[in-house]
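For reference, the structure is listed below as structure tokens.
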Amino acid sequence: MSRVSNLYNLQEIDRGIVRAHERISEVEAKLEDDAAVQKGTRVVEQAEANLNDVRTEHSSADHAVQSQRAKIKQNEEALYGGSVTNPKELEDLQMEQESLKRYLVTLEDRLLEAMMELDEAEAAYENADAELDLIKVQSAAENADLVSEKETLEADIERLHNEREAILGNISDEDLERYEKFQERFDGVAIAEVSGGNCSICGVDLSRSKLQKIQSGSELIRCSQCNRILYGG
Ligand SMILES: [Zn+2]
């Protein structure tokens with residue numbers, strides 16, 4: 001391994017570590033973002049609130065029918081029980097009875113409507129609840145994949161750090177210092193590969209004599225245009 005190839009390998013390791021950290025941040029953001037579950041939960045909560053309203057309406061419509069039937073029964077007892085004998089009073093009672101029965105029909109219609117609404121609200125709630133269960137299962141499966149990816153990335157980072165330690169043993173303090181300074185200055189790319197006789201970063205043409213020096217790798221040759229250290233591969 002030449003001086004330059006050691007530095008180039010160090011750069012590859014460092015870039016690998018940076019990429020792994022970036023991906024871990026993305027994975028962690030995805031794990032925290034359970035938007036689908038939150039949305040599904042809101043739908044269930046709305047369906048439940050609606051179901052409760054409809055139940056209250058149904059119960060009051062039912063109560064109104066029961067109470068009207070009780071009134072009719074009471075009136076019937078007064079009409080036919082023999083306690084009232086006055087013809088005028090009996091006539092009034094008869095009229096009242098007819099009126100009570102007419103209103104009962106209205107109340108029974110309302111109850112029927114309330115029953116239908118209750119059936120619909122129950123079905124909507126059950127659908128929303130089943131949908132949420134499905135979303136939760138999907139989210140858990142997706143999260144399991146992400147958790148496993150994060151573990152792999154963490155293992156990669158550990159391996160790369162070990163490789164970094166090993167390669168540092170072959171790099172002089174002076175070269176390492178220069179590498180670190182250039183990494184900072186050139187946005188994480190201190191070493192530029194040579195490709196087809198050109199610097200792969202800035203594209204400048206490299207002379208034959210320069211290319212030969214680069215190939216030997218024993219000297220740190222810098223690009224005349226972008227100033228990076230050139231690596232011939
Ligand atoms: Zn260059």
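When a ligand or atom number is given, it counts from 1 through the structure's own listing order.
Side-chain contact between Val43 and Leu132 is absent, with no heavy atoms from C-beta onward closer than 4.5 Å. Under the 4.5 Å side-chain criterion, counting only non-hydrogen atoms from C-beta, Arg159 is in contact with Glu163.
For the side-chain hydrogen bond (donor to acceptor under 3.5 Å, both in side chains) condition, no pair includes a residue of residues 119-146, sequence neighbours left out. For residues 199-222, the set of pairs meeting the salt bridge (charged side-chain N to carboxylate O under 4.0 Å, His left out) definition, not counting sequence neighbours, is empty.
For a distance threshold of 2.8 Å, the protein N, O or S atoms nearer than that to the Zn ion (ligand 1), listed by chain and number, are Cys199 SG, Cys202 SG, Cys223 SG, Cys226 SG.
We find the NZ-CG distance between Lys88 and Leu93 to be 10.0 Å, quoted to the nearest 0.5 Å.
With sequence neighbours left out, Tyr179 forms a ring-ring contact (aromatic ring centres under 6.0 Å, His included) with no residue at all.
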